[in-house]
Structures are given as C-alpha cells and as structure tokens.
A.B. asks: 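Questions regarding the structure given below will be posed in turn.
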Amino acid sequence: MDRRRFLKVVGVTSGGAAALSACGIGPEPTEQLIPYLVAPENQVPGTATWYATTCRECAAGCGLHAKVREGRVIKLEGNPESPINGGRLCSRGQAALQGLYDPDRVTEPMARGQSGEWQKLTWDEGIARLAAKIKDARGRGIVFVTGLETGSFGQLVDTWMREIGGRHVTYEPFAFEALREGNRLAFGTSAIPLYDFANAKYIVSFGADFMETWLSPVGYQNGFTRAHAFQAGRDASMARFVYVGPRLSLTGMSADEWIAAAPGTEGLMALAMAHVIASGRLAAVPADAARLRDLLAAHAPGTVADAVGVEARQIERLAREFAASKGGLAVAGGMTAQYPNGAEIVVAVNVLNYVAGQVGKTVRFGPNHALEGAGSFRQMADLVADMNAGRVPLLLVHGANPVHSLPGTFSQALGRVGYKVSFSSYLDETAAASDLVLPDLHPLEQWNDSQPRAGVYALQQPVMQPVLPGTMHTGDVLLRTTGKPGTFRDYVQTRWRELHGRLGRGLAFEDFWTDALQHGGIYRDPPPQAVRLSLELGKSAPGGAKPLLGWRPSPEEPLLVALPSIALHDGRGANKSWLQELPDPVSKITWHAWVEVHPETAAKWQVVSGDVVLLKSPFGAVRAPVWVSPGIRRGVLAVPIGQGHKAYGRYAKDRSFNAFELLGDVPTAYGGRAFTVSVAVARTGDHRRLATIEGDAREQGRGVIEVLPLERAERLKPGQHPFAEHGVPSYAERALEEWAEAQHKKASLGDYAGEHPRWAMAIDLTKCTGCSACVTACYAENNLATVGEELVVRRRQMSWMRIERYYTGGDHGRPVGAVVTPMLCQQCGNAPCEPVCPVYAAYHTPDGLNGQVYNRCVGTRYCANNCPYKVRYFNWHNFAEPGGEWESWPDPLNMLLNPDVTVREKGVMEKCTFCVQRIRAAQNRARLEDRNVQDGEITPACAQACPSEAIVFGDLHDTSSRVAQLARDPRGYHVLAGLNTKPAITYLARVVHGDVAETGPHG
Amino acid sequence: MRLPNPVETIRTIFHPPPTAGVLGVFSHLDATVDAIARLRDAGHTDFTVYSPIPRHEIEDALGQAVSPVRMFTLIGGVAGCAIGAWITLYMSYDWPIVVGGKPIGSIPPYVVIMFEMTVLFGALSTILGIAFNALFAARRLGTVAYDSRFTNDRFGIFVPCEPARQGQVEKLLRAAGAEEVRRA
Amino acid sequence: MTKGSGRAAVGAAVACLMTVPAAAQNGQPAAYQAPVISDTGKLAGPRQPLFFRHDVHAGQYQIPCLYCHATVAVSSAPGIPSMQTCFGCHQLVAGGKRPFGGGSTLSAARDSAARAAEAAEVRKVQAAWLGKKPSEWVRIHALPGFVRFPHMRHIKTLGTESCINCHGDVRAMSQVYQVATLKMGWCVTCHVQRQVSRDCTLCHY
Amino acid sequence: MAETQAPRVTYDFVTRAIARTLGHPGKGYFALLGLAVALLGVGIVCLLFLLRYGLGLAGYSHPVYWAVYITCFVFWVGIAHSGTLISAILFLFRSGWRTAVYRTAEAMTVFAVMTAGLFPLIHIGRQWYFYWLIPYPNERGLWPNFKSPLIWDEFAIGTYFTVSTVFLIMGLIPDIAAVRDVATGWRKKLYAITGLGWRGTNEQWRHYTRGYLYLAALATPLVLSVHSVVSWDFAMAIVPGWHATIFAPYFVAGAIYSGVAMVITLLVPIRKLFRLEELITGHHFENLAKLCLLTGMIVAYAYCTENFVAWFGGNPHERAAFYYRAFGPFWWASWTMYVCNAFLPQLLWFKQIRTNILALFVMSIFVNVGMWFERYVIIVVSLAGEPYERFANATYNPTWADWGIMAGSFGWFFMWFLLFVKNFPAVSISEVKEVLPAPRRAPHREGAVHA
C-alpha cells in the first residue's frame, strides 16, 4: 500500500457527505458531491479500509487497527497480530480517536505577545523563532521534556540535545520507579520483566493494578483471564487470585480473596510468605536464596502478623497454596501501593517469586517493558531545582503536562525559565504557561515508531491526513529547525533500514517496510535473560532488624491513596468526553473525582455519599465529594487522579479537583514519587448529587448475577442446569411449551416464515472484570451521545452497555467482595418492550433481534418502562444539534460518527441491537460471495474490544456455533428468567474459589 | 319561462306557509291529557302536543308507537363492532410484524378496540336517529303555530283544520280546560 | 393513492428492466444518437456545474454504468468517478465530433455551434483536472440519513443493467433527474412484489 | 320528593332562576376567567420550551420514564368519570336527585377529557408525529400496533370524548330552547341557532326520550371501560406495582371517587354564585357525599388488597416495590394518598359532615389532592422503586416544566368550564321540572311515580 499516493488525495470528499447523511433523523437538503481528483487505492466509498498503527495513549504501546471510511478514521480496534494486546483495546486506547478530533486542539503555531495574549504565527515564523531561541540558549542548559519515547522521535531528540548541549528528560507521572528500583535491589537490573499471567496458577497482587494502569493492562488482563477463567474439564481448572491492597480496585474486584493489609506492610506479608516457603522447603528454592536466611528469619508470619493486620495462619495458608500451585506469580509496584517504601515492597515480592522458583518461569526477564527507559521523578525534581536556580534558559516540552501533575512547584519554577516552548496539540496547563506553542500532529496522523517491549518494534503511520492543516509533526519541526534534510518519515525509514539489517531475514527493504506497515511492526522474541539475587540484597538486611519496615503511615491521620484513573490515566484523558462519561469501574462515578471512605469511617465523621469534605495534606488542600464504599480499608481514603485541570479544553477545564495537589513533590528514596499522603479531613457542610450511574450497590438476590463455588462448578455435568427456573410441575411445563409452540406458529408469517438465524450472545462472568472497554467500544461504534455531568446526575447517560457492580459480603463478618456484569439489551424472544409500542418502532426481527426503528419512534417511552433490564435509553435533548446546549459532537468531533449508524434525534428511544449494522454488513458480504455467514464472522463492538474475551456472539440456531455450545453450558443462566422473556443473552455464572460470595439477603 | 328565484325557494323551504288550525294553551297537565282524549274521540289524529317536559300521560293519551331510534342504535353498534374487528385484523395481517412473540392477529387485545368502536358508532348513529326523526323529519315542523311559553310552564295543543271546522275544535279545547285558544 | 402511484412506478420500472437485457444483447442502442441540446434551461433535473451528458456517454457510446460508478457492485455506495477517470478519456477525446441525433436537420451553422458547445464542456473537464478543482456535482438521488441502501446487493440480484429500476433510463437523459420517488412505500412495494424481506432493520439502523 | 320542594318552586320559577344565571357576568367572574387564562398562558410557554429543547426539561430520570404528565392525564380522565356516571347510570336508575347536578358534572366531564387528551400528546418525545398513532392509510403502508394499550387508550379516550360531548349537547337542546324563549338580544340569536328549532312537540319528545335512553345505555359500559383501559396502560406492563389484576375496578372506583369530589368542588361555588340554593339543596350534596363514601371505601379496600397481596404473594420485586412506597424517599406522597383517600373520607359516615356544605367542600379538595397523589405514587414511585434491576433504580424530581404544564391544564379546564356556565344552562331546566309536581287542576299523588 502506497502511503504517498493516499496523502495526495485532495479533499476528504464524499466522506463529508457520508458524515452528514449520518447526522440527525430526517432527509437532508440537496448537498454537493465532490469527487476525488484521484481515487485512492484500496479505498472503496461506503466500505471501510483498515490501517495498522500503534497506540500512544500510555506506555503499553498496544497495536491498533484504524478503521477508515472515506478518508476519516472512525474507530480504533486492537491489532490481533500485536503480541502486546492481541487485538484487544482498553477504553483509553479507543478514545484516542477523540484526541485526534478534539475540538480544542491548537490549530496553528502561536506565540505570546507583549501583553501575554496569543498571536498566530506561520510555521516559518514559528520555526525561525525556535531556531533563534536555541541559538542564544545553545550550551546554556536547554532542556527538552518529553513523554516516554522509545523510538525514532526519542532518538532524534537525544542526538539533537547532545549536539546543542542540552538534556533530554523523559517524564511519565507513572514511571514505576519503585518497581525498577526494587528489581535493581533484588536482581541488579532495573529492567521490568514480562509477567506471564496466562500461565500462572496462583496470582498474588500486592497493590499492582494490572488491569488498570500497571505496565500493560490490556495484555495482562487478557493473560489473567486466560489463567483465571473457568473451563470445565481443564486440569487445575482455574488459577486463584489474591489481591493485597488497601482498596478493592478494579483488579481487586476479580480476586477470589481481598486482603486489606495495613498500608506499607505488603512487603512484610510477602516476606512472611517467602519465609514459610523457604523454611518449609515447599518449592524448589534456588540455592542462592540461602543468603536471605537472616532476612526471612526476621519475617516469620507470627512476627509480622500484627503489623500487617492479617492472621499468621492466613499468611501461612497463602504461602502453602502459592508454593503448591507450582505456578505462583506475585506482582507489586502499582501506584496505589507506591508508598515511601514502595521499592522495599517490590524487593520483598521479588524475593517471594524467587524463593518460590518462579523467576524465569512466570516472571520472565528478557522481553522487558519499555518503561525501564523512562526518566525518574528525581530527574524531574532536579530539573525543577535547575529551573528555580535559573539554570534553564530554554525549556521544550512535548507529550508531557508537568504543570498538571506537579502543580505548585513546577509552575512556580516555570516562572524562572527564560523561554518555554510547547509542542502540545492541546492548550493544556503546560502549553498555556509557555511562550511558544508549535502544535504537533496527533499520533494517528504521525510517522513514528516505538519499542513498547524488547523484541516488539511497533510502527506508527498516519491513518488519515491531518485533521488540522495548521499542525506539523514535531519531528519535522526539529529537522527543519536543525536544517537537516528530509522529512521525519525518511528519518524513521533510515532507522528501519538499520533495523532491516538486523531483522531483515533476507527480505528486500521495501518488502520489509511494507510488511511492517501492514502488520503494525516487527515482532520478535528476545532471548530470555537470566537473573540472580543481587549480592547487595543479603547485605542490605543486617539480620534481626526489620529493614523492610522502613515506613509506617501516621496512626492518627487517615492515609490518603491517590489512584490512577483507568479512564483518565494521569489526566491526559480528561478532555475526552467518552472517558469523562465512562463510569469508573469501581465507583461508577462520571465526570468528577471523589474521595472513597469506608462506611465505618463515614459514620464516625457523620458524612454520607455526596457530602463535600476538605482534604488537607502538608502540600495542598482540595474539596472532595465523599463516596462511601465498603471496598476500602478502614481509615484509608482514596482519590482518583486525572481531574482538576485548569486548562486543556472544554471537557477537562475546572472539573472537580486535582489529586496531584495533595501529593508531595520530594523524591522518595527510590527516586520516585509517593502516591500516598496523610491528610486531615474537615466537613464543609456542602452536599452534591454524585454523577453516578449506580442505583443500588447491592444485588438483593434478584438473580442478576449468579455465583458458583469452584468445587460445584467442576462437578457440573453437561445437561445439568442449576439455575433453571423451578416450581413449575412437568405437566404444566408441557402445556406451556405446547402453548408457546402454538403462539410461535401463529407468528410465523410473511418475513417470519422459514428458517432464520437467532442472534445470541454468551457472557462469561468469570472472565468479565468490569474494565468497561466494551462501553467505550459501544460509544464509538454506535454514535452514542455523551450527555455531560448535569444529565448524568439525572441518570440520563446513554450508555447502551452498563457494567453493573454489586458489592457482596461485608456484613456478618463475611469478606467484602464485588461482582460485575455487563447489562445490555437481552434481545428477548418474548420482549416486554415490543407489544407496548403503539407504532411498531420496537418490534421483533425475523433473526431474533429487538429491532428499534429510530425514525419510526414517537417517544412514548412505554418500552423503557416495560423493560425489566432497563437497557433502553431516551434522547432527552437533541445531542446532535450543532452549537446546541447539549451538543455531543462539536466540530470536528462529528467526523468520528459511524456513517453506518443513524444519529438519533431528540425524542427518540435507542438501545443496543447487537451492532445490527455489522450483522447486515456481514450478510451483504456473504451474499456477494454466495455463501452463508460463518460463525465468528460477526463480532459486535463490545465483544471485539473485550480484553478478557468474555463475550461470544453468534447464531443460536446453528447448533455448532460457539455461542450455541456456551448457551448449553451448565453454568448458563438468563437474567430474570422468571419473567419468561426468553433472553438471547446467556450469562455463564461467575465461578469463585471457596464459598459463594453472597449476592444479597435472598442470594 | 323565468327561472325560480333561488332566494325565494330557500325561504319557502325554511319558512313554509303556516298551516291553518287552532292552538290551545293549557296550564295544567291533566287538562291537556283530557283534551287529547277528547280530540281523539272527535276523530282528530294528526294534532301536535307541546309540553315543557316529557310526560308519559301525554304519550299514553296519544298512544304513540315506540320511536324507531332504537334501530339506528342497533345498526350503528353492530357496524361499529364489525369495523373494529376489521381494521384490527386487516391492519395486522397487511404487514405482519411480530411483537413480544405474540400471534400476528391476537383477538384478546382487539376486543377492546371492537368494544370502543361499538359504543362510538352506536352513539353517533343514535344521535343521527334523534336528529333525523325529531328535528328534521318532524311532521310540519315550523309550519304549525307555537307559543314561547310551551318551553316554560305551559302545555299546548295545535289542531290543524280548515277554518270551517275551527269553531268546534275551539269549543272542544275550551271544554277540556284550555286557558287560551287562538286560531292560526 | 400514493401506494397506487408507487405500484405504477414499479410496474414501469419492471417493464424497462425486461426490455433492457434484450436490447443489450442485440446491441440495439447502437442506432441511438443523443440529441443536440441547445437550451439546457428546458431540461428536467438540477443544473450541474458541468453539462455531463449521460445520454452521450451511456446512451450513444454505451459505456457501461460500472465503468464510472465502479464500486456499485461491491459496496453500498456506487461511487462518483474521480476527475482522473474523466480525464482518462478526455485527454484524448476533445468532444464535439460525435454523430448528432437528428444532426442532419441541423444547419451547418447550428451544427458547428453545437459541436463547439460540447467541446467547450469537455474543456471544462480538462481544466478541472489540470486546475486540481473537482467539479461539485449537485446530488440528485439522496436518501434520508436513517436509510441504508446497499447498492451491491441490488446489483448482485438484479444485474448490472438494473440501475434504471430506480434511476430511470439515464441513457436517454441529457441531464439526470429523479424518476422514482425513492420513498419508503415505493421501496416496499418492490420488495413485496419480488417477495423479498421487508424487515425494518434491513434499511433502518 | 315533590313534598320537599317549596311550593314557590314552579316550572316558571325554574326557568327564570336558571335563565338568570346567564345574565351579564360580574367582576368576580372575569377575575376567575382571567386567572384561568393566565394559568393556561404559563402552560403554553412551558410547552413551547419543551417542544424546542426536548423532554429533558422535565424531571424524568432513567427508570422514571413517565411522571407528572401521565399523572395529570390519569387524574383528568378520572375527573371525567363522575359526569357520565351521574348523567347516565343514575339516569338509568331513575334517581331523581341527579337532575339538579348532572349538567355541571357532564360539562366537567367533557372539559376534563379535553384536558386529559392533551397530556399524551405533550409527553411523547416527538410531539409533531403524534398522528402516527392514528390508523390512516399512508405512503409507507404502516399501521399502528393494536396490541399496544396506548392504542386502546387512544380509542377509548376518543370514544369517550365524542360520546360525552354529544350526550351533553343532547341534554342541552330542550333547555336551550327554554332559555331561547325567555332570552333577549344576541343571546336569543345564539340560542335560536343552538336550540336546533326545539319546540317540545310530542313527536320530538318521543324520539328524544328514547334516544336519550339508548345513549345512557351505551355510555354506562363506556364509563366503566374507559378507565379500565387507562388502568391497563399500567396493568398490562410488568412493572412491579403496576402489574395487578385489580387495577381496572380499582381505577374505575378511584375515577368516580375523584370525579364526584370534583363535582362537589365545582357545585359549591356555582350554587353560591348563581344563587341556586332552592334548586341545588343539601339533599343533593348529601347524596354526592354518600357516593363519595361508597367509592372511597372501594378505593381504600383496593389499597389494602394491593399491600396484602404484595406481602402475601412473596414476590420479592412486588414486596420491594410496596415497601419502597411506604418507607422509601417518596413516603410523603404515599401517605398523603392514604390519608386523603382512605382515612379522611371516613368522616362522611357522620350526617353532620355530609350535610355541612363547607365541610364537604374542604373534604372534596382533600380528595382531589389525594387522588392526584395516588396516580403520582402509582406511576412515579413504582417506576423509581423497583425496576427489577437494582442497579438501575433512581430517584425523581419534577421541574418547572412539569409544574408549569400541570398548572396550564388547570387553566385550560377552568377556562372552558367558566365559559360554559355563563353561556349555557348549568342546571338542567327540563329535568328539574320533571321532578317537580306537574301543574294539575285536581290534586294528584305525584312524586311516588317519578322520584
């Protein structure tokens, strides 16, 4: 595929028309049809083209497939060939699209005028100004701050900085210093290994949120569910997962056991487990582990139990199980556990893995994570010091927003910097504080490459021409500033020529290059790297003492944990309405931040959910609405990171509070930043209604979620149906069936006569983690409107896919847990919503869907009242009205609208239809090729995105299809089956280790 | 020949020439009833009785047949029911759409429509019947003498007859107790 | 009433359909010569920026529809030809040299004038290509935003000559205008006649 | 009952007394009319906003998809019921006391239905497509879904409006003729036309009385059907708190209950305003009060049944729904309804209350409020309380758009009512005369036959 030709295309052309015709219900006026000047190859109007590229929303570097219609990229999906994410993609990755079409992007170069106002510049002026500034700052401490750049761009910056005597600081707010330092202390290498969840038999996470922001969440979640899924007949069928941490995070919700150890003592617990294993010789303990004797001796379960707040017996049990599983994996180093002694905890966990002989098995050095190359928080602190000392005449910032993540210090220091240049595409806090803004292209418009993991050479290609002609790739800007020849694309290619030399495998470079473009990069398995316990480790533990008990939170003040938001990450996602409106998987709160409080603590303070409290730390104070949750340890508070922007755009600005303001800016011993701080709490007397989608935190035994203990699940034989409705005598059963049959006959007329597929879905609750990637996928695929905070407060969110999170236990001393289930239209066979519609807008299609004909709907909303699953959503306002108060797609966001799906008008009911547009597309394709639709050919957006592959779609009437087999699974059940709605969605009961987690009083 | 003046024709339709006869005004019900009896004995048949309210004394005295309005009601009702059945079933089968797994044409819900249509058409045709019979088709309406007290507190009897026989009728009415008698 | 007219329209369409393949086989329209248009004001349909003559291209020279609307058989959208496609021929074909329908009746003067006019239109095409300014066609057949019409399925079922069912016989149109109502009743009547599904979600989603 | 009438109440007196009410209206009347029109204006403004910006302006939330508008719809339909009941059913039962009050009740019925009918149109999302609910032949070849209770509603309300209107007009004809013959000026012209040339001949009475009888016979089942159909809008749905077999009788009783209360509310001032004390006596009010008590008891019984079945049936959803009603965030609404509809009316057991017109007036207001809240509780609280999916339940707060349009509906109703009572006989002249002793030469036992 020849990119140069594609980029020569003049005008987005009838793509614009397609977008128009997708907007609003009702015929459009006559519009212009502007033909291409040159028809681009592999672009068929009305048919999507896919381009492979790489996601740059976080350091994981997942592979992308970008869906392009008439020159506009309209959806992002995972690249199945990428070893990082294997075709899956998280919400953040999918929302990159909204970053591309962000209505608040900087359209052209700007510079501060005398009176501080912005002046538009031409690129020549801008580049000239930059060159001039560099000329007189040359050699006097130019600093270039970028995000983690492991590819050509990073290299370009490095070499350039070397030339002009500057320095290059890569800044990631979540740089995992503790993890790197911990590995260095334990193994002498600060590399971040590959954690092989998929082959683990027993997983213990010490505060590592590997489903949210920890290293490579999509890949790790996928691996985790492979290990943790229940599969009848599989030996040692289901790995056990224990989560140790102060807060029941999204990751913790999937755990079979949640242990809220005292914050900071996770390390002790790990060592105690290591102690048990080593002393009991429960595993093939490596010889050199003997050096740890003193260290472990000091951490017998009995000694640490009180400190940790966990009974010694429990620690011993865990240790035995961990060792016995012969596939244990312990992970640590998440932000929520990044205490001042974070590194020590990682060391302890490394010791546990090592003692259990898992290093090299489930913990594999070699395919190391790119974050190893990220700068540390200490470097940032040094930079701030230099800036304050006036040693930084020129500061260049790209792909980082330190003013937001380091409020206070950095912004103050900025004042002492001679000249500040930002290459940000958005006017974020840092860009707003700079003197010159040279807007970069969005990663989806860029040439670039990266190495998210050793052996993975990921390539980025522009999947469409720049949305804003006034923006320029920073790489090109640098090349032009330095007067180097060629474009950045050539620069990338020269690097790849060198790569071709090493990995070419005899291919001609052009083929090698094209191959890489088509597959999104080159994927190789690097050689495994053997590690041994570092010699320091034994020494660093003078026997007897408790070296790893370096830090304990102050007992009187509550400890606050700042947690990375799965949606907003460090705040970079805050200007994307999809991510703002995505309910947090745990709190189900949208559009604003909150502070999590344990019920008992709340009772003590006499606050309820929604009460606004003042949180004061030594570093700052914020006002935060309380959310009372059983999923947090007593006396611990948690606030999400990412909100509270002072700039950055319409969706992010002045929204809630910035958790970074509470955190310290002094580097910890391991050169990182502590994400915990002791705070003082004061009631303000204010109250607000939380913008949550949660109605009731308890399932109340309504049979929405069924849970099976593993022992029972394993004993289930095919054909058994433990969840089938009881109480109907067999003769009545027969009579009912005959009656239903007669009804069906009377309904098989016209289009309904003959054979039809019955589209159906199976959702495995053992796999579903609640990560909500499917929700964003649905927003992207089906043109769902985002409604904004005020309307969510009124419960008017439009999300067709609702992830329900119910807490379990917590009363009568039962352990607190959580169960999640995706709730979407069940496409009932006997749908209550259909007969009540006076105009047949809701009706049953021959292939078993609940059709919803938007243009026929008059909006009586009777269907929504009568839907027991409450999965119908109403357009209360006109969300597509340009410039309207509730506009959801301000230009150019409307360019991401899917032309295959009608944009609904005000006053119309809408709902999930199993992505009927994809079904029809597949049927059209099959018809053209004179064949039937194959099983697995149709994948709804939610199933496609699901990182844990929990959703399976297909034809129920095709008995050989995967969904039909799963529908017969003994674990299968229908939600509210007692209503005889005959849903098309079969849920597979969640299997848990140990006894059933009560889902409610009647459960 | 000259064409008839349309205005004239319409006037003659709405203001027909008065019928000759005698009008008796009664203030008492029993007197009126008495008069009716005497008139019938005297062989008068097509006289008109005015009363401010319906009284079956008068009806009995006149020995009227039952009003044909009931046929209107019956026919209307039956027609309504049929129409109700037809639209529901025809419209269901014209474009068969399945909702809630129910049969295309399911009678129970349609009974409601049929019932309502029965009442609607029954009522409307009843009104038609009354209007047709009582207001428009009433014999000699507007041509017979009338007194505005008849809607208030007086009863009245108008006996059409050629001037020659008016004398007897007057006498008869007076004898029956008419408080006032005049020729028209 | 409306329904009736819809049926009539389809009847007509079906009639055309039956004549066309036959015509195609014995190459009947070879004799067809597109008329000279001196006054475009009288023509039906919206005035296009470029007086493109379907009757000349598809009628007189029998260029198949798919030559320009290439994707109609594989995609839901028929595709408008790129200027490159036009120029592909018109860098050689200057225009104004074709045999005129009823040309014999034209006086020499009017004949040359007409040829000059057609040549001028062709020069517009060349100008558009060289000036990299694609001409902005006025859309004629537009469906509401809530309707999906997969062209390829209809072509697959009815054949590549079936365009006229809905678009009328553009081979005889000097300027294209809308023939069928393209309203729902009209679509449904055809679907009913051909006994194909009229399930709502075939077109509405 | 003839004996109870003072001798001075003669035919002539009746005619004059009622014709007098049609005289030139006073300041008070215009003040009331102005107020009504002002309220209507408020409603119209709110409606315009609703049309422009969407239903989001009202207080709906995710599970509460029906709220104040449907509440008002059911409320007004309920009000409409007593009219036809009094005029038709009591007519068939030949209960003489109805004659003085049925005209007011009937007018109220017609205007209440006119008001109720607006709400379904207002509350739908795309009001401009309301006509898609009507089965008319269209280009698309689509018909409405007769399985939907909303279509039943459309037919029931449509029929009810038509029939009660013609019923009202029928009853009016002889009376208009009567006032025609005593009126002067433009009113005489008006009544000459609207009187349709009525003269009270034996022919006219013959057909008229018959036809009236059949109309009554048709209207009676209609009354019962209409509110049954309205109740099925809820009973046919599977929402806990809606899906109950007792709904039809429960709603019909409630409707008549609220209707009778509204009749009292309207009659008391009219009686004062038009000085009709001789015609509308304490006797009439006491009968109305008894009717109130009867229907009130039925409603109270329905409340008990609902709650008992919810508890005894053991269906967790049902139980939760009724528990939520009584003790959830909407407890105040539920208890307003229980107190106003079930407890307060027990006072009507005492004759002193039944015969004390002021007390009845106050009581009727309470019942009206209570019945409005009954509908609010059934609709809003059921939807909010137990939507099966625990996760999806939510609360509900009405907004200015809800209150504004509700106020407008009252304005609309009273505007028509006031215009009516000043221009047409608000009390039936001929029927009141019917229950008076007919003038006779010889004394004659009357009442026994007719009253």
Side-chain angles (χ1 to χ4, degrees), chain A residues 588 693-702 704 787 791 794-797 802 804-806 821 823 832 834-840 843 856-878 884-886 905-909 975-976 979 981 1000 1002, chain D residues 52-66 120 123-133 140 142-154 233-234 236-240 242 315-317 320 379 382-384 386-397 399:
Chain A
K588 293 296 158 189
I693 70 160
E694 176 190 59
D696 189 337
R698 296 282 174 169
E699 197 256 11
Q700 312 277 23
R702 294 290 195 270
V704 173
V787 301
L791 264 57
R794 283 189 169 279
R795 299 292 170 78
R796 292 174 183 177
Q797 67 282 352
R802 178 176 71 232
E804 304 193 338
R805 187 265 302 117
Y806 294 111
T821 181
M823 186 48 63
E834 289 165 0
V836 297
C837 177
V839 292
Y840 286 120
Y843 81 108
R856 178 65 172 168
C857 176
V858 296
T860 67
R861 306 187 298 292
Y862 200 170
C863 52
N865 286 342
N866 211 26
C867 172
Y869 307 95
K870 291 288 168 260
V871 288
R872 296 181 147 265
Y873 301 90
F874 189 70
N875 288 267
W876 297 108
H877 300 285
N878 188 349
E885 186 179 346
W886 294 276
E905 170 183 81
K906 153 181 91 182
V908 171
M909 189 63 69
V975 175
L976 301 174
L979 296 173
T981 50
H1002 313 276
Chain D
R52 168 67 181 84
Y53 294 107
L55 284 174
L57 297 182
Y60 299 104
S61 64
H62 175 36
V64 185
Y65 277 99
W66 286 354
H123 104 289
I124 63 174
R126 298 203 288 173
Q127 295 90 344
W128 50 96
Y129 284 139
F130 73 92
Y131 60 87
W132 282 0
L133 274 70
R140 301 176 290 282
L142 289 167
W143 304 112
N145 171 13
F146 290 100
K147 299 186 187 81
S148 167
L150 292 184
I151 296 289
W152 310 346
D153 237 19
E154 174 191 335
D233 285 349
F234 307 102
M236 292 292 157
I238 60 174
V239 177
W242 287 9
N315 174 334
H317 305 291
I379 292 163
S382 301
L383 286 171
E386 176 62 15
Y388 286 103
E389 280 285 321
R390 293 305 304 164
F391 202 79
N393 80 341
T395 179
Y396 165 83
N397 314 67
T399 65

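All chains are named by letter (A, B, ...) in the order of the sequence lines, taking the proteins before the strands, and each is independently numbered beginning at 1.
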A.B. asks: Who wins among D/Pro144, D/Ala320, D/Ser382 for the most heavy-atom pairs under 4.5 Å with chain A?
C.D. replies: D/Pro144
A.B. asks: Non-hydrogen atoms of chain A under 4.5 Å away: do they reach the side chain of D/Trp152, the backbone, both or neither?
C.D. replies: neither
A.B. asks: Tell me, for A/Val704 versus chain D, whether the close heavy atoms (under 4.5 Å) come from the side chain, the backbone, both or neither.
C.D. replies: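 Looking at A/Val704, just its side chain touches chain D.
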A.B. asks: If we define contacts as heavy-atom pairs under 4.5 Å, which of D/Pro149, D/Ala237, D/Ala58, D/Ser148 has the most with chain A?
C.D. replies: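 Of D/Pro149, D/Ala237, D/Ala58, D/Ser148, D/Ser148 has the most heavy-atom pairs under 4.5 Å with chain A.
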A.B. asks: Using heavy-atom distances under 4.5 Å, tell me whether D/Leu383 contacts chain A through its side chain, its backbone, both, or neither.
C.D. replies: side chain
A.B. asks: Below 4.5 Å from any heavy atom of chain D, which atoms of A/Leu791 appear? Answer side chain, backbone, both or neither.
C.D. replies: neither
A.B. asks: Answer whether the closest heavy-atom distance between the side chains of A/Glu699 and A/Thr821 falls below 4.5 Å.
C.D. replies: no
A.B. asks: Could you tell me which portion of D/Asn397 (side chain, backbone, both or neither) has an atom closer than 4.5 angstrom to a non-hydrogen atom of chain A?
C.D. replies: both
A.B. asks: Classify the side-chain pair D/Tyr60/A/Arg861 by whether it contains a donor and acceptor separated by less than 3.5 Å.
C.D. replies: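 Judged by distance alone, the side chains do pair up.
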A.B. asks: Look at A/Tyr843, A/Trp886, A/Tyr840 and state which one has the largest set of heavy-atom pairs under 4.5 Å with chain D.
C.D. replies: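 Highest number of pairs under 4.5 Å: A/Tyr840.
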A.B. asks: Taking the side chain as everything from C-beta on, heavy atoms only, tell me whether D/Tyr129 gets closer than 4.5 Å to A/Val839.
C.D. replies: no
A.B. asks: Report yes if the distance between the aromatic ring centroids of A/Tyr862 and D/Trp66 is under 6.0 Å, otherwise no.
C.D. replies: yes
A.B. asks: Using a cut-off of under 4.5 Å for heavy-atom pairs, which of D/Thr395, D/Val64, D/Leu55 has the most such pairs with chain A?
C.D. replies: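 Looking at each of D/Thr395, D/Val64, D/Leu55 in turn, D/Leu55 comes out on top.
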A.B. asks: So which of D/Asn145, D/Ile124, D/Val239 has the biggest tally of heavy-atom pairs under 4.5 Å with chain A?
C.D. replies: D/Asn145
A.B. asks: In terms of heavy-atom pairs under 4.5 Å with chain A, which of D/Phe130, D/Phe391, D/Tyr396 leads?
C.D. replies: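 Of D/Phe130, D/Phe391, D/Tyr396, D/Phe391 has the most heavy-atom pairs under 4.5 Å with chain A.
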A.B. asks: Could you check whether any side-chain heavy atom of A/Asn875 comes within less than 4.5 Å of a side-chain heavy atom of A/Glu905, counting everything from C-beta outward?
C.D. replies: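 Of all side-chain heavy-atom pairs linking A/Glu905 with A/Asn875, none is under 4.5 Å.
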A.B. asks: Check whether A/Glu885 gets within reach of chain D through its side chain, its backbone, both or neither, counting any heavy atom under 4.5 Å.
C.D. replies: neither
A.B. asks: Just wondering, do A/Tyr806 and A/Arg702 contact through their side chains at under 4.5 Å, heavy atoms?
C.D. replies: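 Side chain of A/Arg702 against side chain of A/Tyr806, heavy atoms only: no contact under 4.5 Å found.
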A.B. asks: Do A/Val787 and A/His877 come close enough that some side-chain heavy atom pair is under 4.5 Å?
C.D. replies: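 They are not in side-chain contact.
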A.B. asks: Sort D/Tyr131 into side chain, backbone, both or neither according to what part of it lies under 4.5 angstrom from a heavy atom of chain A.
C.D. replies: neither
A.B. asks: As an exercise: rank A/Trp876, A/Phe874, A/Tyr869 by heavy-atom pairs under 4.5 Å with chain D and give me the winner.
C.D. replies: A/Trp876
A.B. asks: Relative to chain D, which segment of A/Arg796 carries a heavy atom at a distance below 4.5 Å: side chain, backbone, both, or neither?
C.D. replies: side chain
A.B. asks: Enter the distance from A/Arg805:CZ to A/Glu694:CD here, rounded to the nearest 0.5 Å.
C.D. replies: 4.5 Å
A.B. asks: Specify which of A/Pro838, A/Gly884, A/Cys857, A/Gly907 makes the most heavy-atom pairs with chain D at under 4.5 Å.
C.D. replies: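 Top count of heavy-atom pairs under 4.5 Å with chain D: A/Pro838.
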A.B. asks: Quick check for you: among A/Gln797, A/Arg872, A/Glu834, which has the greatest number of heavy-atom pairs under 4.5 Å with chain D?
C.D. replies: A/Arg872
A.B. asks: Non-hydrogen atoms of chain D under 4.5 Å away: do they reach the side chain of A/Pro868, the backbone, both or neither?
C.D. replies: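 Both parts, backbone and side chain.
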A.B. asks: For a 4.5 angstrom cut-off between non-hydrogen side-chain atoms, does D/Thr399 reach A/Arg794?
C.D. replies: yes
A.B. asks: Is there a donor-acceptor pair under 3.5 Å between the side chain of A/Lys588 and the backbone N or O of A/Gly695?
C.D. replies: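 Not a single qualifying donor-acceptor pair exists.
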A.B. asks: Using a cut-off of under 4.5 Å for heavy-atom pairs, which of A/Asn865, A/Val836, A/Thr860 has the most such pairs with chain D?
C.D. replies: A/Asn865
A.B. asks: For D/Ala392 and A/Lys870, work out which heavy atoms get closest and say how close.
C.D. replies: CB-CB, 3.7 Å
A.B. asks: Do A/Arg802 and A/Tyr873 get their side chains close enough for a donor-acceptor pair, meaning under 3.5 Å?
C.D. replies: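 Present: a donor and an acceptor within the cut-off.
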